[in-house]
Amino acid sequence: MAAYILRRLIGAALVMIAVATLVFFMLRLVPGDPIAAMLAEAGSDEAREALTRKLGFDQPLIVQYFKWFGNMLQGDLGASIYGSNQPVSKIIVEALPRTLSLAFLSFVIALIIAIPAGIIAATRKNSAADTAVSLFAFLGLSMPDFWLAILLIIVFAANLQWLPAIGYEPLSAGLWPWLSHLILPSIAIGTGFSAIIARMIRSAMLEVLNADYMRTAASKGLPTRIILLRHAFPNALIPVITVIGIAFALLISGAVVVENVFAIKGLGRVLIQGIQNRDYPVVQGAVLVVSAFFVLSNLLVDLLYAVIDPRIRYS
């Protein structure tokens with residue numbers, strides 16, 4: 001197991017290097033000039049040349065790359081070239097807790113909805129409950145999360161005034177202020193993911209319930225609850241865990257629109273603003289963080305396989 005983890009970590013490091021290299025060079029291929037974006041129409045030719053030299057853009061591209069890559073290996077992601085000139089690491093550290101809080105609560109809501117819905121749909125195949133879960137999954141996959149977010153704001157924030165419509169409060173401000181600002185965006189994001197996971201649980205459970213050992217367990221007189229929760233559900237988790245791991249990684253990077261609707265300056269919003277402003281260091285740093293979450297999620301999913309199914313061995 002230790003050797004396997006070491007190989008995966010080495011592979012993850014290589015993936016991160018490849019991502020960093022691709023992002024660096026592909027950003028330079030995007031139309032637009034960051035100097036022009038910063039100075040707009042007010043900048044003279046002398047000011048443009050001075051700013052170009054200051055930011056190091058006058059150097060050959062390969063020199064810029066190795067300089068940035070060397071600083072990155074030392075933990076220095078550079079500074080924003082737009083606005084306040086803040087260190088990229090500081091911008092990411094401020095934005096990441098908001099995105100992680102939103103992703104975590106969305107993930108919890110998705111699982112709370114998806115697990116019972118998937119199990120009920122599988123155990124009551126072709127019943128009204130199964131049809132209702134299928135309809136919910138269809139609607140959940142069809143509804144854009146920004147449309148659901150706006151609908152939730154109109155109903156629960158504007159009309160009922162139960163919850164705030166925009167903004168974010170850190171957990172240090174108190175549990176309820178933190179939670180109240182995240183409930184609506186988390187429901188908007190988590191609903192779509194719960195539909196995906198519920199369909200996967202239903203499919204995996206149906207396959208397991210038709211297995212011979214499940215009929216053996218039923219013939220021995222085991223209660224239905226024990227058969228479902230102790231035998232069927234754990235054996236159906238392998239494909240479900242894969243989807244859940246990918247879903248959580250997607251939640252880290254895929255909440256851009258909802259973050260904008262609720263005015264939450266998370267990692268996704270920082271990334272979009274960086275792209276709009278041609279802020280190369282911010283975009284590179286944000287993409288690296290998102291990529292790291294994808295790599296770590298895949299590694300964690302692989303390790304969970306062995307925990308869920310003891311027959312799986314890594315050598």
A.B. asks: Quick one: does Phe24's side chain get under 4.5 Å of Gln64's, heavy atoms only?
C.D. replies: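 Yes, their side chains come closer than 4.5 Å.
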A.B. asks: Begin from the C-alpha positions of Phe146 and Asn260 and carry the test side chain to side chain contact (heavy atoms under 4.5 Å, CB included) through to its verdict.
C.D. replies: CA-CA 9 Å; Phe146 70 86; Asn260 276 280; over 6 Å; no
A.B. asks: Where is the tightest heavy-atom contact between Ala198 and Ala117, given as atom of each residue plus distance?
C.D. replies: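 In terms of heavy atoms, the two residues are closest at CB-CB, 4.4 Å.
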A.B. asks: Ignoring hydrogens, what is the shortest heavy-atom contact between Ser180 and Leu163? Give both atom names and the distance.
C.D. replies: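 That closest heavy-atom pairing would be O-CD2, 3.9 Å.
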A.B. asks: Indicate if Val93 and Phe293 have the same hydrophobic cluster label, given that clusters are the connected sets of ILVMFWY residues with side-chain heavy-atom separations under 4.5 angstrom.
C.D. replies: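 No, because Val93 and Phe293 fall into different hydrophobic clusters, even though each may have its own neighbours under 4.5 Å.
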A.B. asks: Apply side chain to side chain contact (heavy atoms under 4.5 Å, CB included) to the pair Asp76 and Trp68, showing each step before the final yes or no.
C.D. replies: CA-CA 8 Å; Asp76 181 10; Trp68 171 77; over 6 Å; no
A.B. asks: Which value, rounded to the nearest 0.5 Å, describes the distance between Ile109 atom CD1 and Ile113 atom CD1?
C.D. replies: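 Between Ile109 CD1 and Ile113 CD1, I get 7.0 Å after rounding to 0.5 Å.
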A.B. asks: Does Val282 share a hydrophobic cluster with Val290, counting links as ILVMFWY side-chain heavy atoms below 4.5 Å and allowing steps through other members?
C.D. replies: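 Shared cluster, yes.
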A.B. asks: Hey, quick one: are Val287 and Phe69 part of the same hydrophobic cluster, counting side-chain heavy atoms closer than 4.5 Å, chains of contacts allowed?
C.D. replies: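 They do share one cluster, since a chain of ILVMFWY contacts under 4.5 Å joins Val287 to Phe69.
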A.B. asks: With hydrophobic residues grouped by side-chain heavy-atom distances under 4.5 Å, do Leu135 and Trp147 end up in a single group?
C.D. replies: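 No: no chain of side-chain contacts under 4.5 Å links Leu135 to Trp147.
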A.B. asks: Do the non-hydrogen side-chain atoms of Phe25 and Leu61 ever get within less than 4.5 Å of each other?
C.D. replies: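 They are in contact (side-chain heavy atoms under 4.5 Å apart), so the answer is yes.
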A.B. asks: Look up atom CD1 in Ile115 and atom CG in Leu111, then write down how far apart they are to the nearest 0.5 Å.
C.D. replies: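 That separation rounds to 5.0 Å.
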A.B. asks: Quick one, Leu102 and Ser186 - any side-chain contact, counting heavy atoms below 4.5 Å?
C.D. replies: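 Answer yes - side chains close enough.
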A.B. asks: So does Leu300 have more than 12 non-hydrogen atoms from other groups sitting under 6.0 Å from CG?
C.D. replies: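 Check passes, neighbour count above 12.
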A.B. asks: Using the ring-ring contact (aromatic ring centres under 6.0 Å, His included) rule, collect all pairs that involve residues 99-140, keeping only residues at least two apart or in two chains.
C.D. replies: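 Output for this query lists Phe107-Phe248.
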A.B. asks: Please find the pair of heavy atoms, one from Gln161 and one from Ala158, that lie closest to each other, and give the distance.
C.D. replies: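 So the two residues come closest at CG-O, 3.6 Å.
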A.B. asks: Does atom CD of Glu94 have more than 12 heavy-atom neighbours, drawn from other residues, nucleotides or ligands, at distances under 6.0 Å?
C.D. replies: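 Enclosed.
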A.B. asks: Taking the side chain as everything from C-beta on, heavy atoms only, tell me whether Ile189 gets closer than 4.5 Å to Leu148.
C.D. replies: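 No, side chains not in contact.
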A.B. asks: So, Ser194 side chain and Thr191 main chain: donor-acceptor pair closer than 3.5 Å or not?
C.D. replies: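 Looks like yes, one N/O pair under 3.5 Å.
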A.B. asks: Is the backbone N or O of Met200 less than 3.5 Å from a side-chain atom of Ser203, with the two atoms forming a donor-acceptor pair by type?
C.D. replies: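 Side chain of Ser203 to backbone of Met200: no pair is present.
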A.B. asks: Is there any side chain to side chain donor-acceptor pair (under 3.5 Å) pair reaching into residues 10-26, and which pairs are they, with sequence neighbours excluded?
C.D. replies: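 Every pair satisfying side chain to side chain donor-acceptor pair (under 3.5 Å) with a residue in residues 10-26: Thr21-Tyr65.
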A.B. asks: State the CD1-CZ distance between Ile272 and Arg269, to the nearest 0.5 angstrom.
C.D. replies: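 Taking CD1 in Ile272 and CZ in Arg269, the distance rounds to 11.0 Å.
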A.B. asks: Less than 4.5 Å apart, side chain to side chain, heavy atoms only: is that true for Val23 and Leu288?
C.D. replies: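 When only atoms from C-beta onward are counted, Leu288 and Val23 do not touch, as no gap falls below 4.5 Å.
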A.B. asks: Closest heavy-atom contact between Pro185 and Ser106?
C.D. replies: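 The answer is O-OG, 4.4 Å.
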A.B. asks: Test side chain to side chain contact (heavy atoms under 4.5 Å, CB included) on Ser101 and Trp178; report intermediate values, then the result.
C.D. replies: CA-CA 9 Å; Ser101 298; Trp178 173 79; 3.3 Å; yes
A.B. asks: What is the distance from atom CE of Met72 to atom CD of Gln284, rounded to the nearest 0.5 Å?
C.D. replies: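 Reported value, rounded in 0.5 Å steps: 9.5 Å.
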A.B. asks: If I take atom CD from residue Gln273 and atom CD1 from residue Ile275, how far apart are they, to the nearest 0.5 angstrom?
C.D. replies: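 Rounded to the nearest 0.5 Å, the CD-CD1 separation comes out at 11.0 Å.
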A.B. asks: Please round to the nearest 0.5 Å and tell me the distance separating atom CD1 of Ile241 and atom CD1 of Ile197.
C.D. replies: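 Going from the CD1 atom of Ile241 to the CD1 atom of Ile197 covers 9.5 Å.
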A.B. asks: Would you find a donor on one side and an acceptor on the other, under 3.5 Å apart, between the side chain of Asp279 and the backbone of Ser80?
C.D. replies: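 Not a single qualifying donor-acceptor pair exists.
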A.B. asks: Got more than 12 heavy atoms from elsewhere within 6.0 Å of CZ, Arg28?
C.D. replies: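 Counting neighbours around CZ of Arg28, more than 12 heavy atoms of other residues, nucleotides or ligands fall under 6.0 Å, so yes.
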A.B. asks: Write down the atom of Gly266, the atom of Arg98, and the distance for their closest heavy-atom approach.
C.D. replies: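 Gly266 and Arg98 have their closest heavy atoms at CA-CB, 4.3 Å.
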A.B. asks: I need the full list of salt bridge (charged side-chain N to carboxylate O under 4.0 Å, His left out) pairs touching residues 189-203, with sequence neighbours left out, sorted by first then second residue.
C.D. replies: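 Of all non-adjacent pairs touching residues 189-203, those that pass salt bridge (charged side-chain N to carboxylate O under 4.0 Å, His left out) are Asp130-Arg202.
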A.B. asks: Does some side-chain heavy atom of Asn71 sit less than 4.5 Å from a side-chain heavy atom of Leu77?
C.D. replies: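 In short, these two side chains do not touch, never coming nearer than 4.5 Å.
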A.B. asks: Compute both the distance and the angle, then confirm whether Arg278 meets the cation-pi test with Tyr280: under 6.0 Å from the six-membered ring centre, within 45 degrees of the axis.
C.D. replies: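 That pair does not qualify as a cation-pi contact.
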A.B. asks: Are the side chains of Pro281 and Ile81 in contact, using a 4.5 Å heavy-atom criterion?
C.D. replies: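 Heavy-atom side-chain distance check passes, below 4.5 Å.
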A.B. asks: For the residue pair Ala286 and Leu267, what are the closest heavy atoms and their distance?
C.D. replies: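 So the two residues come closest at CB-CD1, 4.2 Å.
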A.B. asks: Do the non-hydrogen side-chain atoms of Phe262 and Ile153 ever get within less than 4.5 Å of each other?
C.D. replies: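 Yes, their side chains come closer than 4.5 Å.
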A.B. asks: If hydrophobic clusters are built from ILVMFWY residues whose side chains come within less than 4.5 Å, do Ile187 and Phe156 share one?
C.D. replies: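 Both belong to a single hydrophobic cluster.
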A.B. asks: For Thr99 and Glu259: C-alpha separation, side-chain torsions, deciding distance, then whether side chain to side chain contact (heavy atoms under 4.5 Å, CB included) applies.
C.D. replies: CA-CA 8 Å; Thr99 296; Glu259 284 181 355; 3.0 Å; yes
